[in-house]
Amino acid sequence: MYNRARYLIFFQYIGTKYSGAAKVPPHQTWVKGVQDHIEDALKRLRPVIPVSLYISSRTDSGVHALSNSAHFDFQRKNDKPPFTEDILVEALNFHLRTEQIRELDVGAMSEAAATFVGTHDFSSFRAINSDVAFKSPVKTLDAVRIEPRRAFICEHFHRDVPLWELTFQSKSFLYRQVRRMTGALVAVGQGRITLTKLREIMEARDSLAYPSTMTAPARGLFLTRVNYNESDLLLSPQTSASAPSIGVDE
């Protein structure tokens, strides 16, 4: 069987939407591992025998990899000679390209972000908790920015991975307001909702008007800075007389 060959491949991935590196059981149809996607790509190359991938290192769900590796045996049909390294890499990348990163319409996101700037009733963008009855849903957003950023991983990937940083600036936020606004902007950027729909959600002033599945996950969310005015740091006579000690509310 001169046309059967063993290959060692090295591959990278953004693991956010994968269950990990290893193959998942067949009944878990709602999620896949990286191995599932690579074996699907190899299947499209029409091997004589279905290919099983032997991954060198497992990674947990959501974990990224700059360089993982695996080996497999591949035999072509009709006694065709083994794929050369370059052709195999090109063929696998071609079939895996549809599994990579979805582009965002940043222009549409910027237009949607402008909807949040200023003083508004953000009832639709807060999740229900015990403080709802005691806190006003009216907040003022001073700025919402969407800017390109580069991270250390960009230097290691063999393709351009666009990263965008969303910044929300306000004196205070409602419960999960930032995660809901982020999810809404991403949904607009992916074409899952229109700008008109976003405005309808906002104008509804109802937490239940916001699709719960659209909320952005907590990972990737940073508190970057807290600013103080000079007047905030002055100790008034009333404060010193009534509050001899300093406490922190939970």
Side-chain angles (χ1 to χ4, degrees), residues 4-47 49-76 82-106 109 146-166 179 182-183 185-187 189-190 192 213-224:
R4 183 176 181 179
R6 174 163 293 181
Y7 296 92
L8 172 64
I9 60 171
F10 296 87
F11 51 96
Q12 306 173 318
Y13 48 88
I14 300 292
T16 305
K17 67 176 183 178
Y18 302 124
S19 68
K23 194 170 186 173
V24 299
H27 67 274
Q28 294 184 10
T29 57
W30 62 92
V31 67
K32 285 187 174 184
V34 174
Q35 180 178 351
D36 293 291
H37 289 276
I38 297 178
E39 287 185 356
D40 286 346
L42 287 167
K43 187 184 299 182
R44 295 188 182 106
L45 302 183
R46 296 182 294 179
I49 303 171
V51 176
S52 293
L53 202 66
Y54 297 90
I55 295 180
S56 64
S57 181
R58 291 171 176 259
T59 53
D60 291 336
S61 178
V63 174
H64 316 308
L66 296 178
S67 182
N68 204 340
S69 59
H71 77 271
F72 60 90
D73 297 335
F74 195 100
Q75 182 179 357
R76 300 181 68 189
F83 288 116
T84 63
E85 295 177 4
D86 292 341
I87 290 178
L88 181 66
V89 169
E90 184 178 352
L92 283 178
N93 282 336
F94 175 80
H95 290 296
L96 288 169
R97 195 163 292 132
T98 56
E99 310 294 342
Q100 294 296 323
I101 297 172
R102 189 172 181 178
E103 297 294 334
L104 296 172
D105 185 342
V106 180
M109 291 175 66
I146 303 173
E147 301 167 302
R149 283 290 183 264
R150 289 189 66 81
F152 82 97
I153 61 170
C154 295
E155 305 301 326
H156 299 275
F157 276 101
H158 298 297
R159 59 169 295 185
D160 186 25
V161 180
L163 297 175
W164 296 90
E165 180 180 274
L166 277 65
R179 289 175 59 185
T182 299
L185 292 181
V186 171
Q190 293 179 335
R192 291 189 285 123
T213 56
M214 200 163 67
T215 303
R219 59 180 179 270
L221 186 66
F222 291 82
L223 172 63
T224 56

N/O donor-acceptor pair under 3.5 Å between D36 side chain and V24 backbone: yes

Nearest-0.5 Å distance, NE2 of residue H95 to CD1 of residue I38: 13.5 Å

Side chains of H64 and T16 in contact at under 4.5 Å (non-hydrogen atoms): yes

Parallel, tilted or perpendicular, as decided by the 30° and 60° cut-offs, for the rings of Y54 and H71: parallel

Pairwise distance CG(L163) to CZ(R149) - rounded to 0.5 angstrom: 10.5 Å

R179 side-chain N/O to A216 backbone N/O, donor-acceptor pair under 3.5 Å: yes

Ring centres under 6.0 angstrom apart (Y18, H37): yes

CA sep, side-chain torsions, deciding dist, call: V34, F11, side-chain contact (heavy atoms from CB on, under 4.5 Å): CA-CA 10 Å; V34 174; F11 51 96; 3.9 Å; yes

Inter-residue atom distance K32.NZ - K23.NZ, 0.5 Å rounding: 9.5 Å

Test side-chain contact (heavy atoms from CB on, under 4.5 Å) applied to V51 and L45, step by step: CA-CA 10 Å; V51 176; L45 302 183; over 6 Å; no

More than 12 heavy atoms from other groups under 6.0 Å of CG on D40: yes

Considering all heavy atoms, the nearest R192-G183 contact: NH2-O, 4.4 Å

Atom of A41, atom of L92 and distance for their closest heavy-atom approach: CB-CD2, 4.0 Å

Minimum heavy-atom distance Y13-V63, with the two atoms named: CE1-O, 3.5 Å

Neighbour count >12 (heavy atoms, 6.0 Å) for atom CD, Q28: yes

Rounded distance (nearest 0.5 Å) linking atom CD1 of I146 with atom CG of L104: 9.0 Å

Approximate separation, where rounding is to 0.5 Å, of I14 CD1 and L66 CG: 8.0 Å

Any donor-acceptor pair under 3.5 Å from S69 side chain to S56 backbone: no

More than 12 heavy atoms from other groups under 6.0 Å of CD on E90: no

Neighbour count >12 (heavy atoms, 6.0 Å) for atom CZ, R58: no

CG-CD1 distance between D73 and I49, expressed to the nearest 0.5 angstrom: 9.0 Å

Contact check, side chains of F74 and L88, non-hydrogen atoms, under 4.5 Å: no

